[in-house]
Amino acid sequence: MAPITDEQVERVRALVAAIPAGSVSTYGDIAAAADLSSPRIVAWIMRTDSSDLPWHRVITASGRPAPHLATVQLERLRAEGVLAVDGRVPLRDVRHEF
DNA sequence: ATCGTGACGCGTA
DNA sequence: TTACGCGCCACGA
């Protein structure tokens, strides 16, 4: 398969960095905006990237953060004013449009 | 060269 | 609404 290029990684990082506090985006949206063939690529990048991106503003399309990060992530979002109802963020309201 | 492994997503039931 | 299956795709063993 086509390896991930540095440029693609840069695009994803730029996109994530562009999400304003108080808003969130999804792996799928970022993949589309960065012109990647699969949201999994974004997930892989997020998982491996060690820079200081606002990773907590990236959630799944269902409005739920990945299970192992849920606690801290929802806490950080709440601190920014993004309220989660029963562990789920209302994407309809806080979804960031690129 | 294969195979297992995910911070994923959508269609179906 | 939740649960599952299946497609997705780069990576490391």
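Since the model is a prediction, treat every value here as computed from it, not as a measurement.
- In this structure, A:I41 reaches the sugar-phosphate backbone alone: every heavy-atom distance under 4.0 Å involves primed, P, OP1 or OP2 atoms, never a base.
- Rounded to whole Å, the distance from CD1 on A:I4 to P on B:dG6 is 16 Å.
- At a threshold of 4.5 Å between non-hydrogen side-chain atoms, the residues A:I59 and A:L91 count as touching.
- In the set C:dC9, C:dC11, B:dG9, the nucleotide with an atom closest to the side chain of A:T26 is B:dG9.
- Computed from coordinates, the A:L69 CG to B:dC8 C1' distance equals 14 Å when rounded to whole Å.
- Considering only the side chain of A:A43, B:dA7 comes nearest among B:dA7, B:dG9, C:dC11.
- Residue A:R40 has its side chain nearest to B:dC8 when only B:dC8, B:dA7, B:dG9 are considered.
- Spacing between atom CH2 of A:W44 and atom P of B:dC8 amounts to 15 Å, rounded to whole angstrom units.
- The nearest whole Å value for the distance from the CG atom in A:D49 to the C1' atom in B:dA7 is 12 Å.
- At the phosphate of C:dT2, OP1 or OP2 sits under 4.0 Å from a side-chain N or O atom of A:R88.
- Rounding to whole angstrom units, CD1 of residue A:I30 and P of C:dC9 are separated by 18 Å.
- In this structure, A:D6 places its CG atom where only 12 or fewer heavy-atom neighbours from other residues, nucleotides or ligands lie under 6.0 Å away.
- Distance CG (A:D86) to C1' (C:dT2): 12 Å, rounded to an integer number of Å.
- Comparing A:R64 and A:P3 against DNA chain C, the residue whose closest nucleotide sits nearer the 5' end is A:R64.
- For the pair A:I45 CD1 and C:dC11 C1', the computed distance is 13 Å after rounding to whole Å.
- Comparing C:dT1, B:dA7, C:dC8 by their closest approach to the side chain of A:W55 singles out B:dA7.
- Under 4.0 angstrom from either OP1 or OP2 of B:dC8 there lies no side-chain N or O belonging to A:T60.
- For A:P39, the side-chain atoms get nearest to B:dG9 when compared with the rest of C:dC11, B:dG9, B:dA7.
- Defined by atom type and a distance below 3.5 Å, a donor-acceptor pair is present between the side-chain atoms of A:H56 and A:E80.
- Atom-to-atom, CE of A:M46 to P of B:dG9 comes out at 12 Å; the value is rounded to the nearest Å.
- Within the nucleic acid shown, A:A2 comes within 4.0 Å of sugar-phosphate atoms alone, with no base atom in reach, counting heavy atoms only.
- Of the candidates B:dG9, C:dC9, C:dC11, B:dG9 carries the atom nearest the A:Y27 side chain, counting heavy atoms from C-beta on.
- Contact check on A:E75 versus A:R78 returns no salt bridge, with no Lys/Arg side-chain nitrogen under 4.0 Å from an Asp/Glu carboxylate oxygen.
- Side chains of A:H96 and A:P20 form a contact here, defined as non-hydrogen atoms less than 4.5 Å apart.
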